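Input: a single structure, listed below in structure tokens.
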Amino acid sequence: MSSPLRLFELTDRVAVVTGASSGLGAAVAASLAELGARVALVARRADRLGALADRTGGIAVPCDLADPDQLDTVVPAVVEQLGPPVILINGAGNRLTTARAEDETAESVRQTLQLNLVAPFRLAQAVFPHMQQTGGSIVNVSSISGRVGVPGIPQASYAASKAGLSGLTAELAVQWARHSIRVNTVAPGFFRSEITDSLYDSDRGAEYLRRNTPLPVEASAEDVVGAITWLAGDAARYVTGQTVVVDGGWTAR
Ligand SMILES: NC(=O)c1ccc[n+]([C@@H]2O[C@H](COP(=O)([O-])OP(=O)(O)OC[C@H]3O[C@@H](n4cnc5c(N)ncnc54)[C@H](OP(=O)(O)O)[C@@H]3O)[C@@H](O)[C@H]2O)c1
């Protein structure tokens, strides 16, 4: 048997990582690059993507994924500059409203679904003709709120979009398995990032997180990167259609 570490090598594989300008997406992009992948970094903040591309040897592909026309340009740009992708990490996502479910507007529901569910689906469709030739790995980033209700933090459309990713994942996995395209989802619990800093920084928020998270860890993006990196490469070559929960035990209670 060859070294188990070789299962994690990604030498010269072309990867597309959305949400790569900060938080989890940036950490995943750096991890894939460290393992040898050539990474296309996708998000809106071009300056941040450029800085990370300089450090990792990848390329920046600035794009507002909520805009369908811009989204359609992403994969062709990657193919032209790096070649056909064999890894897609759909990391971009956001909770766009703090409204309670009964008050969410139709427009806010649509925008949330567009960014968190439609964009990952469209990007998966865009990489399909390339991965059809070679096989590949698609990893979506969901949330525990796609699994369970989260008391005190209203997020109905966000939860619906993230749960949708798990359904999409199982269906694509089954449809595309014959092309050796694996499709999985990672569902993180809370970790510190730009979207959760204020929660971690308030005494009440920090206590809420401690009370609900069995493992005594203040999680960061680094605590979620391992699962995504594993699913991206050959170490997970027999894993498809799954939603892997990485939450310090939040949903195990
Ligand atoms: N932090 C948590 O506790 C937590 C828990 C569960 C799941 N998640 C999920 O984890 C993923 C990463 O979140 P994070 O916590 O690391 O937050 P983050 O640092 O705010 O990262 C979100 C990323 O998405 C990108 N993005 C947002 N809107 C975009 C748009 N319209 N077009 C293109 N890119 C867009 C942002 O880049 P630009 O602003 O530059 O566009 C940023 O790179 C998200 O899918 C989130 O839902 C987070």
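Read the numbers this way: they start at 1 and go in the same order the structure lists the ligands and their atoms. Since this is a predicted model, take the numbers as computed values, not measurements.
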If you measure every N/O of [X] against every N/O of ligand 1, is any gap under 3.5 Å?
{"X": "Leu24", "value": "yes"}
{"X": "Gly91", "value": "yes"}
{"X": "Asn94", "value": "no"}
{"X": "Ala43", "value": "no"}
{"X": "Ser143", "value": "no"}
{"X": "Leu115", "value": "no"}

Contact between ligand 1 and [X] is defined here as a heavy atom of the residue under 4.0 Å from a ligand atom; is it met?
{"X": "Ser145", "answer": "no"}
{"X": "Pro188", "answer": "yes"}
{"X": "Ala119", "answer": "no"}
{"X": "Lys162", "answer": "yes"}

With a cut-off of 4.0 Å, which atoms of ligand 1 are near a heavy atom of [X]?
{"X": "Gly23", "result": "16 (O), 19 (O)"}
{"X": "Thr196", "result": "1 (N), 2 (C), 3 (O)"}
{"X": "Cys63", "result": "32 (N), 33 (C)"}
{"X": "Leu65", "result": "30 (C), 31 (N), 32 (N), 33 (C)"}
{"X": "Asp64", "result": "30 (C), 31 (N), 32 (N)"}

Nearest protein heavy atom with distance in Å, relative to [atom]:
{"atom": "atom 20 (O) of ligand 1", "value": "Ile195 CG2, 3.6 Å"}
{"atom": "atom 28 (N) of ligand 1", "value": "Arg44 NH2, 3.2 Å"}
{"atom": "atom 37 (O) of ligand 1", "value": "Ser21 OG, 2.8 Å"}
{"atom": "atom 47 (O) of ligand 1", "value": "Tyr158 OH, 2.5 Å"}
{"atom": "atom 10 (O) of ligand 1", "value": "Val141 CG1, 3.5 Å"}
{"atom": "atom 42 (C) of ligand 1", "value": "Ser22 OG, 3.4 Å"}
{"atom": "atom 5 (C) of ligand 1", "value": "Gly189 O, 3.2 Å"}
{"atom": "atom 26 (N) of ligand 1", "value": "Ala92 CB, 4.0 Å"}

Under a 4.5 Å side-chain heavy-atom rule over Ile, Leu, Val, Met, Phe, Trp and Tyr, are Val239 and Leu10 clustered together? yes
Would Leu52 and Leu35 show up in the same hydrophobic cluster when neighbours are defined by side-chain heavy atoms closer than 4.5 Å? yes
Of the backbone atoms (N, CA, C, O) and the side-chain heavy atoms from C-beta on, which set of [X] has a member under 4.0 Å from an atom of ligand 1: side chain, backbone, both, or neither?
{"X": "Ser193", "value": "side chain"}
{"X": "Ala221", "value": "neither"}
{"X": "Ala26", "value": "neither"}

Between Arg182 and Asp234, is the closest basic N to carboxylate O distance under 4.0 Å? no
Check Glu107 with Arg110, please: is the shortest side-chain N to carboxylate O separation under 4.0 Å? yes
As a quick check of understanding, evaluate salt bridge (charged side-chain N to carboxylate O under 4.0 Å, His left out) for Arg204 and Glu207, giving each step before the final call. CA-CA 5 Å; Arg204 211 162 142 239; Glu207 172 49 26; over 6 Å; no
So, Ser142 and Thr185: side-chain donor and acceptor under 3.5 Å apart, yes or no? no
Is it true that Arg237 and Ser180 share a donor-acceptor pair across their side chains at a distance under 3.5 Å? no
Rounded to the nearest 0.5 Å, what separation is found between the CG atom of Asp223 and the CD atom of Glu218? 10.0 Å
Let me have the donor-acceptor pairs involving side chains of residues 78-96, under 3.5 Å, with sequence neighbours excluded, atom names and distances please.
from, atom 1, to, atom 2, distance (Å)
Gln81, NE2, Ala77, O, 3.4
Asn90, ND2, Pro120, O, 3.4
Asn90, ND2, Asn140, OD1, 2.9
Arg95, NE, Pro154, O, 3.0
Arg95, NH2, Pro154, O, 3.1

Aromatic rings Phe190 and Trp250: how do their planes relate, parallel, tilted or perpendicular, breaks at 30° and 60°? tilted
Salt bridge (charged side-chain N to carboxylate O under 4.0 Å, His left out) between Asp247 and Arg147, worked out: CA-CA 11 Å; Asp247 67 352; Arg147 278 273 172 108; over 6 Å; no
Hey, is the main chain of [Y] close enough, under 3.5 Å, to the side chain of [X] for a donor-acceptor pair?
{"X": "Lys162", "Y": "Ser157", "result": "no"}
{"X": "Glu9", "Y": "Gly36", "result": "no"}
{"X": "Ser137", "Y": "Leu231", "result": "yes"}

Contact check, side chains of Phe121 and Leu172, non-hydrogen atoms, under 4.5 Å: yes
